[in-house]
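Positions are given from 1 along the sequence.
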Amino acid sequence: MAKLKSNLKSKHLYYISLAFEQAKVNLGSTGTNPSVGCVIEKNDTVLSSGRTSLLGRPHAEFNALKKKINFKDSNLYVTLEPCTHFGITPPCTKKIIKKKIKNVFFSVFDLDSRTREKSLLDFKKSKIKVVSDIKRRFGFDFYKSYFLKHKKLLPYIDAKIAVSKDFFYKNKKSKWITNEHSRKRAHLLRTSYDCILTTSKTINDDNSRFNCRLEGLENKSPSIVIIDRFFKLKKNSKIVKEKSKRKIFLFTTIYNKEKKKYFNSKGIKIIQQKNMKNQKDFKLILSNLRDFGISRILVESGMCFLNFLILGRFVQNLFVFRSNSYLKKNGINYGKVNIIKNLNLKNKIDVNLLGDFLYKVKLK
């Protein structure tokens with residue numbers, strides 16, 4: 001396999017970065033398939049680009065190559081090794097070879113045994129040069145949820161929390177802690193996950209819908225999982241009453257025939273579990289979610305449940321939206337915020353929230 005030449009390295013990094021920008025668009029919305037991005041370049045001009053379609057098909061390479069233009073002798077940059085197996089659609093390697101692509105560059109190898117490193121053989125037979133491992137570390141991080149799924153491990157979990165400057169997460173006088181720009185950013189964040197994990201207490205307190213209300217992205221609202229140990233979710237909650245195509249799962253230890261029937265009629269799947277007390281019980285919940293096809297989870301809950309997840313080392317990254325205002329006597333905390341206070345809030349995401357700040361803290 002060809003090695004990266006130093007004089008071309010910056011060019012390859014640039015185009016593979018563009019491909020990752022494509023992959024980011026549908027991250028969390030491609031079903032069991034990974035979200036892949038593809039960019040095709042020739043003579044320093046982008047001829048086409050594509051990403052994995054919603055629900056996972058067609059693949060990014062197919063979408064990039066479907067234009068009726070001449071792709072001969074061009075360079076194809078893709079974030080994940082192109083597939084080689086026949087499924088619902090033909091393998092991407094066949095399409096790439098047919099279009100007479102000259103060079104293929106990708107970030108990381110696929111873990112799927114049907115494809116891993118097999119693309120190299122297909123391309124070698126067709127005299128297509130291949131370069132791998134471009135932005136390899138970034139690629140492994142980007143596809144961590146996909147790789148965890150392939151290794152049959154527990155789903156990938158991130159979490160978010162909004163706090164005031166003096167670390168309160170409840171406001172006596174307002175529903176909101178942060179400003180409108182932070183809330184819109186939070187809606188955008190939701191679109192990168194296939195599931196929101198919350199609790200019945202959070203829903204009952206705030207009557208949240210946990211959807212995406214950004215224009216044009218409404219169809220990317222994730223599924224919802226509700227932890228409801230004692231089956232206390234209110235029937236008149238917005239999340240129950242609204243008509244939605246989203247999957248909603250509710251985990252509880254209580255059997256209530258009448259309530260179960262009502263929630264089932266609203267499209268909510270009730271999963272009864274014997275115990276919901278400790279980390280072992282929660283791992284069982286996560287195993288169920290993995291079996292339901294869920295691989296990327298964003299936690300939006302109160303501090304007590306969040307602390308439980310952080311202390312149990314379930315959370316990969318924590319997004320902290322921090323207001324620039326103090327709440328003082330108007331602030332309330334129902335759970336200890338010492339964990340959040342003691343985090344090193346230095347990795348600030350470069351986004352203008354007009355007074356608020358957003359931090360990403362790597363926990364695992």
Pairwise side-chain contact, Y156 with D194, heavy-atom cut-off 4.5 Å (strictly under): no
Using a strict cut-off of less than 4.0 Å between a Lys/Arg side-chain nitrogen and an Asp/Glu carboxylate oxygen, indicate whether [X] and [Y] qualify as a salt bridge.
{"X": "D141", "Y": "K362", "result": "yes"}
{"X": "E180", "Y": "R183", "result": "no"}
{"X": "E258", "Y": "K235", "result": "yes"}
{"X": "D158", "Y": "K360", "result": "no"}

Side-chain donor/acceptor of [X] to backbone N/O of [Y], under 3.5 Å:
{"X": "D122", "Y": "K94", "value": "no"}
{"X": "D166", "Y": "K328", "value": "yes"}
{"X": "S221", "Y": "C212", "value": "yes"}
{"X": "S164", "Y": "Y326", "value": "no"}
{"X": "K118", "Y": "S113", "value": "yes"}
{"X": "S237", "Y": "I239", "value": "no"}
{"X": "T115", "Y": "T84", "value": "yes"}
{"X": "N333", "Y": "F167", "value": "yes"}
{"X": "R296", "Y": "S192", "value": "yes"}
{"X": "N307", "Y": "K336", "value": "yes"}

How long is the straight-line distance from CD1 of I297 back to CZ of F314, given to the nearest 0.5 Å? 10.5 Å
Quick one: CD on E215 to NZ on K184, what's the gap to the nearest 0.5 Å? 10.0 Å
Co-membership, hydrophobic cluster, residues I248 and F231, 4.5 Å side-chain: yes
Can you classify the ring geometry of [X] versus [Y] as parallel (below 30°), tilted (30 to 60°) or perpendicular (above 60°)?
{"X": "Y169", "Y": "Y334", "result": "perpendicular"}
{"X": "F106", "Y": "F109", "result": "perpendicular"}
{"X": "F292", "Y": "F249", "result": "parallel"}

Minimum heavy-atom distance I128-I96, with the two atoms named: CD1-CG2, 4.4 Å
Of all heavy-atom pairs between N204 and K234, which one has the smallest distance, and what is that distance? OD1-N, 3.1 Å
Under a plain distance cut-off of 3.5 Å, with no hydrogens placed, do [Y] and [X] share a side-chain donor-acceptor pair?
{"X": "Y146", "Y": "D110", "answer": "yes"}
{"X": "S145", "Y": "Y193", "answer": "no"}
{"X": "S200", "Y": "D228", "answer": "yes"}

Mind checking whether F105 and Y15 have ring centres under 6.0 Å apart? no
Greater than 12 external heavy atoms within 6.0 Å of [X]'s [atom1]:
{"X": "N275", "atom1": "CG", "answer": "yes"}
{"X": "K259", "atom1": "NZ", "answer": "yes"}
{"X": "L55", "atom1": "CG", "answer": "no"}
{"X": "Y14", "atom1": "OH", "answer": "no"}

